[in-house]
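All remarks here apply to the structure that follows.
Numbers restart at 1 for each chain; the letters A, B, ... are given by sequence-line order, proteins then strands. Just so we're clear, the structure is a prediction, and the values are computed from it rather than from any experiment.
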Amino acid sequence: MEALPAAFFDRPTDRVARDLLGRVLETTINGIRCRARIVETEAYLGEHDPACHAARGRTRRNEVLYGPPGTAYVYFVYGMHWCVNAVTRRAGLPSAVLIRAAEPLEGVATMRARRGFAVRDADLTSGPARLCQAMGITGRHNGLPLSGPELRVLEGTPVSRALVLTTPRIGVSAAADWPLRFFVAGSSWVSARAANARFLADAQG
DNA sequence: TAAAGGATTTTCT
DNA sequence: GAAAATCCTTTAC
């Protein structure tokens, strides 16, 4: 399977987020290969998007967002978790797609070991920080191309149907009421947050 | 089964 | 000093 070219990511961010569903995230760390099929993404559009890390301009933390498309933006949150993004659009335009959940395909035993053997299968990779922990992605990978030896996004098989959720933030600080843009494939491996948003969307008709 | 609170540290005000 | 693109455990119903 081929890695997606940088040109794939040099497009409007919401389109990249939609098109990443069904693609395959691959890590090869210490010679151990893990693969997972992406089932949930989230688009962060740029400096004008208050949810985006670049909303308040360029800082040391977010400078990778301003770099070329097709690189990994890996950041640390809540004092303990890593999350991985694919940087989109040309250098100077700070936007990215957060990879929120995936379905384990290969290297599942390693994922289980990294996550702790007590976790249930359904919790292995169903969240942005869970996914990074299972795949072995850390700050070491920040700024690396997504077609490198350790970290890649492969062609996979794009999904024909997807759910697009534009929702208020759920379960985070109450003051933040700007919309988030989730893209979800039909899968049982989505995060609790997307499942909740999906439920709310259904409930509202 | 849902809701609430803690963990833990970087980042920016 | 406060908040953060989260996860996990505990507590209550």
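Separating the NE2 atom of A:H81 from the P atom of B:dT11 is a distance of 16 Å, rounded to the nearest angstrom. Rounded to an integer number of Å, the gap from A:F182 CZ to C:dT6 P is 8 Å. Summarising the geometry, the separation between CZ on A:R115 and P on C:dT6 is reported as 14 Å, rounded to the nearest angstrom. Protein atom CG of A:D49 is 11 Å distant from nucleotide atom P of C:dA5, rounded to whole Å. Computed from coordinates, the A:N142 CG to B:dT11 P distance equals 10 Å when rounded to whole Å. Between the CG atom of A:L131 and the C1' atom of C:dA5 there is a distance of 14 Å, rounded to whole Å. The nearest whole Å value for the distance from the CZ atom in A:F183 to the C1' atom in C:dA5 is 15 Å. Taking atom CZ on A:R130 and atom C1' on C:dT9, their separation rounds to 12 Å, with Å as the unit.
Checked against a 6.0 Å centroid threshold, the rings of A:Y44 and A:H53 do not count as neighbours.
Listed nucleotides: C:dA5, B:dT8, C:dT6. Nearest to the side chain of A:N85: C:dA5.
Comparing the P positions of C:dA5 and B:dA3 gives an interatomic distance of 23 Å, to the nearest angstrom.
Residue ring and nucleobase are not stacked for A:Y78 and B:dA7 under a centre distance beneath 5.5 angstrom and an angle between planes beneath 30°.
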Step-by-step side chain to side chain contact (heavy atoms under 4.5 Å, CB included) determination, A:V74 to A:I137: CA-CA 8 Å; A:V74 184; A:I137 298 169; 4.1 Å; yes
Side chain to side chain contact (heavy atoms under 4.5 Å, CB included) evaluation trace for A:R181 with A:L45: CA-CA 9 Å; A:R181 297 167 188 80; A:L45 303 185; 3.5 Å; yes
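Contact check, A:R193 against C:dA5: no side-chain N or O comes under 4.0 Å of OP1 or OP2. Taking side-chain N and O atoms only, A:T59 has a distance below 4.0 Å to OP1 or OP2 of B:dC12.
Among the atoms of the strands shown, none is found under 4.0 Å from any heavy atom of A:D123.
A:T28 and A:R33 share no side-chain donor-acceptor pair at under 3.5 Å.
With a cut-off of 3.5 Å on both Watson-Crick or G-U wobble distances, the partner of B:dT10 is given as C:dA3.
Side-chain atoms of A:R89 and A:T13, non-hydrogen and from C-beta on, do get closer than 4.5 Å to each other.
Between the base of C:dA5 and the side chain of A:Y75 there is a donor-acceptor pair shorter than 3.5 Å.
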